[in-house]
Colleague: 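Would you mind keeping the following structure in view while I ask a few things?
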Amino acid sequence: MPAKRQKAGELVAVPADGSLDLGQTLDSGQVFHFETTRLGGIEGWAGCLGADPVFLAPGGEGAILTRARDVPAVRRFFQLDTPLAEIRATFPAADAVLEEAIAHCPGLRILRQPVWECLATFITSSLKQVVHIRRMSLALRRRFGRARRIGGRVVHAYPEPAALAAAGEAALRECGLGYRARGLHRTAEALASGARDLAELEGLDDAAARAWLMEFHGVGEKVANCVLLFGCGRHGAFPIDVWMDRVLRERYFGPRKRKRLTARELQRWAEGHFGPFAGHAQQYLFHFARKTF
DNA sequence: GCTCAGGGTCGAT
DNA sequence: ATCGACCCTGAG
């Protein structure tokens with residue numbers, strides 16, 4: 001069945017379980033393609049889900065006010081069918097650090113983004129601050145993405161692989177990517193040519209999917225885990241970046257163990273300790289670390 | 001102007 | 001396993 005579609009002009013309230021904090025979620029370093037804007041006097045965010053322009057605003061009691069052609073796609077984006085209580089119930093019972101982190105951002109959710117956008121963006125994320133990643137995304141979208149209109153404002157969809165492949169590495173560099181341009185261009189080419197297909201991910205378990213992603217140039221373990229978590233709905237994926245490395249070592253281990261633990265051991269420990277929804281725990285801790293360190 | 005580091009990855013020891 | 005190079009940008 002095709003998704004139910006409505007007139008693009010309507011503003012629809014989508015109820016969300018718990019108290020979703022839209023702004024916090026869109027600004028949590030998972031997604032980099034939304035800009036704050038006003039629509040009909042309402043403060044919110046404009047961007048695209050795939051090719052479709054959407055407007056998003058807080059609707060009270062955790063609901064989302066949205067204008068979108070495909071409202072179910074908005075529900076999928078915020079993973080509203082994954083109940084928050086169920087996720088929290090899987091967390092380790094006596095973890096004061098995690099509890100403290102959740103208290104800092106109880107409205108934070110894990111998104112499920114279009115896989116390609118997520119993969120492309122995290123390839124550009126290496127050694128970059130969130131503000132820089134946002135800027136690269138904007139430059140790429142403005143130059144190579146399709147222009148769409150929502151509420152009198154123009155937004156640019158994330159460019160398709162074919163568009164970036166055709167653009168060439170040098171043009172990507174002009175968007176401020178630096179050495180990341182090579183990885184992004186080669187990945188775009190592999191997908192545009194049909195040599196590789198992101199749909200293959202669906203048939204793989206987490207470990208195999210991670211290995212498959214790491215065959216792209218510019219994708220290591222951390223980026224692969226980000227794609228699994230933020231783009232594939234793989235809730236157990238646990239990306240460890242410099243922030244996570246710091247917060248885990250400092251809050252979960254004594255000074256001696258902290259120094260001896262290898263990155264690999266830390267990764268294993270985290271996946272086991274936080275369980276099947278480890279990725280969600282990761283996002284609370286990441287946000288917590290960014291705010292408090 | 002200069003240094004420094006920022007959601008890492010890759011290739012070489 | 002560990003180590004330096006890698007592009008670019010804003011903050012100090």
Side-chain angles (χ1 to χ4, degrees), chain A residues 24-34 101 104-105 108-111 113 115 117-140 142-143 164 167-188 190 210-232 234 237-251 258-271 274 278-293:
Chain A
Q24 201 164 60
T25 299
L26 292 177
D27 193 35
S28 63
Q30 300 182 60
V31 67
F32 305 88
H33 325 307
F34 285 85
H104 274 257
C105 46
L108 187 57
R109 296 305 148 80
I110 299 287
L111 300 170
Q113 304 171 50
V115 188
E117 298 180 13
C118 191
L119 172 61
T121 305
F122 279 97
I123 285 174
T124 70
S125 75
S126 116
L127 264 315
K128 278 290 183 187
Q129 298 178 339
V130 170
V131 53
H132 293 146
I133 303 167
R134 293 184 62 87
R135 194 163 310 147
M136 289 184 283
S137 163
L138 184 59
L140 289 169
R142 281 223 258 248
R143 185 155 169 189
L164 296 187
E169 182 182 329
L172 302 188
R173 244 165 221 274
E174 288 167 15
C175 295
L177 270 68
Y179 64 82
R180 301 158 194 83
R182 181 170 165 78
L184 181 58
H185 185 246
R186 285 177 60 175
T187 298
R210 180 162 33 246
W212 190 87
L213 283 167
M214 286 171 67
E215 287 172 26
F216 287 106
H217 186 87
V219 180
E221 185 172 21
K222 190 271 176 182
V223 169
N225 278 326
C226 285
V227 176
L228 292 178
L229 181 59
F230 304 136
C232 300
R234 308 269 186 147
F238 196 95
I240 297 183
D241 65 332
V242 292
W243 293 101
M244 285 308 298
D245 189 88
R246 255 185 280 184
V247 72
L248 290 178
R249 285 176 195 275
E250 297 207 5
R251 300 301 298 269
R258 181 182 302 159
K259 287 204 182 72
R260 299 208 62 82
L261 216 51
T262 67
R264 182 140 219 72
E265 289 167 331
L266 191 63
Q267 181 80 46
R268 287 289 167 81
W269 173 83
E271 287 164 6
F274 295 108
H280 294 248
Q282 183 272 353
Q283 198 58 20
Y284 292 121
L285 289 164
F286 173 68
H287 193 269
F288 178 58
R290 272 216 300 167
K291 295 295 166 202
T292 58
F293 270 103

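Bear in mind the structure is a predicted one, so any value in this text is a computation, not a measurement. Residue numbers begin at 1 in each chain, while the letters A, B, ... track the order of the sequences.
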Colleague: Mind checking A:E265 for me? I need base, sugar-phosphate or nothing, with any heavy atom below 4.0 Å counting as a touch.
Modeller: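 Since no nucleic acid heavy atom lies under 4.0 Å of A:E265, the category is nothing.
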Colleague: With rounding to whole Å, what would you report as the distance between B:dG7 and C:dC3 at their P atoms?
Modeller: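 Here B:dG7 and C:dC3 have their P atoms 22 Å from each other.
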Colleague: Is any side-chain heavy atom of A:L140 less than 4.5 Å from a side-chain heavy atom of A:L184?
Modeller: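 They are in contact (side-chain heavy atoms under 4.5 Å apart), so the answer is yes.
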Colleague: Is the shortest side-chain heavy-atom distance between A:R135 and A:L138 below 4.5 Å?
Modeller: no
Colleague: Nearest-Å distance, NZ (A:K291) to C1' (B:dG7)?
Modeller: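 In whole Å, B:dG7 C1' lies 14 Å from A:K291 NZ.
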Colleague: Rounded to the nearest 0.5 Å, how far does CZ of A:R268 lie from OG1 of A:T262?
Modeller: 9.5 Å
Colleague: Evaluate A:I240 against A:F286 for side chain to side chain contact (heavy atoms under 4.5 Å, CB included), listing each step before the verdict.
Modeller: CA-CA 9 Å; A:I240 297 183; A:F286 173 68; over 6 Å; no
Colleague: Without decimals, in angstroms, what is the distance between A:D245 CG and B:dT9 P?
Modeller: 13 Å
Colleague: Check residues 219-226 of chain A and write down every donor-acceptor pair under 3.5 Å in which the side-chain atom is one partner and the other belongs to a residue at least two apart or another chain.
Modeller:
unit_1: A:N225; atom_1: OD1; unit_2: A:R210; atom_2: NH1; d: 2.6
unit_1: A:N225; atom_1: ND2; unit_2: A:E221; atom_2: O; d: 3.3

Colleague: So which of residues 122-130 of chain A are in contact with DNA chain B, with a heavy-atom cut-off of under 4.0 Å?
Modeller: A:F122, A:S125, A:S126, A:L127, A:K128, A:Q129, A:V130
Colleague: Nearest 0.5 Å, what's the CZ-CZ distance between A:R258 and A:R251?
Modeller: 10.0 Å
Colleague: Using a heavy-atom cut-off of 4.0 Å to chain A, what are the terminal contacting nucleotides of DNA chain C, in 5' to 3' order?
Modeller: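 So the contact region on DNA chain C extends C:dC6 to C:dG10.
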Colleague: Could you check whether A:R180 gets within reach of a base, just the sugar-phosphate, or nothing at all, counting any heavy atom under 4.0 Å?
Modeller: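 Since a base atom lies under 4.0 Å of A:R180, the category is base.
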Colleague: Could you list all N or O pairs between the protein and nucleotides 10-13 of chain B that sit under 3.5 Å apart?
Modeller:
unit_1: B:dC10; atom_1: OP1; unit_2: A:G218; atom_2: N; d: 3.0

Colleague: Distance check needed: B:dG8 P versus A:W243 CH2, whole Å only.
Modeller: 10 Å
Colleague: Under the ring-ring contact (aromatic ring centres under 6.0 Å, His included) test, which residues partner A:H33, sequence neighbours left out?
Modeller: A:Y158
Colleague: Do any pairs count as a side-chain hydrogen bond (donor to acceptor under 3.5 Å, both in side chains) and have a residue in residues 283-293 of chain A, sequence neighbours left out, and if so which ones?
Modeller: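 Only A:R88-A:Y284 qualify under side-chain hydrogen bond (donor to acceptor under 3.5 Å, both in side chains).
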Colleague: Between B:dT9 and C:dG10, how far is it from one P atom to the other, in whole Å?
Modeller: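 Comparing P positions in B:dT9 and C:dG10 gives a spacing of 23 Å.
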Colleague: Nearest whole angstrom, please: distance from the P of B:dT9 to the CZ of A:R264.
Modeller: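 The distance from CZ of A:R264 to P of B:dT9 comes to 13 Å, rounded to the nearest Å.
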Colleague: For the pair A:R234 and A:L229, evaluate side chain to side chain contact (heavy atoms under 4.5 Å, CB included) and give the outcome as yes or no after the intermediate values.
Modeller: CA-CA 5 Å; A:R234 308 269 186 147; A:L229 181 59; 5.9 Å; no
Colleague: Does anything in residues 171-187 of chain A pair up under salt bridge (charged side-chain N to carboxylate O under 4.0 Å, His left out), and if so which pairs, sequence neighbours excluded?
Modeller: A:R143-A:E174, A:E169-A:R173
Colleague: Under 4.0 Å, heavy atoms only, any strand: does A:E169 hit a base, just the sugar-phosphate, or nothing?
Modeller: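 Nothing: the residue A:E169, judged by heavy atoms under 4.0 Å, touches no strand.
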Colleague: Going by heavy atoms in the side chains, are A:F32 and A:I133 under 4.5 Å from each other?
Modeller: yes
Colleague: Who passes ring-ring contact (aromatic ring centres under 6.0 Å, His included) against A:F216, sequence neighbours left out?
Modeller: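 Expected list: A:W212.
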Colleague: Tell me which residues in residues 132-139 of chain A lie within less than 4.0 Å of DNA chain C, going by non-hydrogen atoms.
Modeller: A:H132, A:R135
Colleague: Considering residues at least two apart in sequence or located in another chain, which fulfil the ring-ring contact (aromatic ring centres under 6.0 Å, His included) criterion with A:H217?
Modeller: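 A:H217 satisfies ring-ring contact (aromatic ring centres under 6.0 Å, His included) with no other residue.
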Colleague: How are the rings of A:W269 and A:F274 set relative to one another: parallel (under 30°), tilted (30 to 60°) or perpendicular (over 60°)?
Modeller: perpendicular
Colleague: Distance check needed: B:dG8 C1' versus A:L184 CG, whole Å only.
Modeller: 15 Å
Colleague: I'd like the P distance from C:dC7 over to B:dA12, given in whole Å.
Modeller: 15 Å
Colleague: Can you list the residues that meet the side-chain hydrogen bond (donor to acceptor under 3.5 Å, both in side chains) rule with A:S28, with sequence neighbours excluded?
Modeller: A:Q30
Colleague: Can any side-chain N or O of A:Q113 pair as donor or acceptor with the backbone N or O of A:C118 at less than 3.5 Å?
Modeller: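 Between the backbone of A:C118 and the side chain of A:Q113 there is no qualifying donor-acceptor contact (under 3.5 Å).
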Colleague: So what is the 5' to 3' dot-bracket string for DNA chain C, if pairs are Watson-Crick or G-U wobble with both distances under 3.5 Å, crossing pairs use [ ] and | means the partner sits on another strand?
Modeller: ||||||.|||||
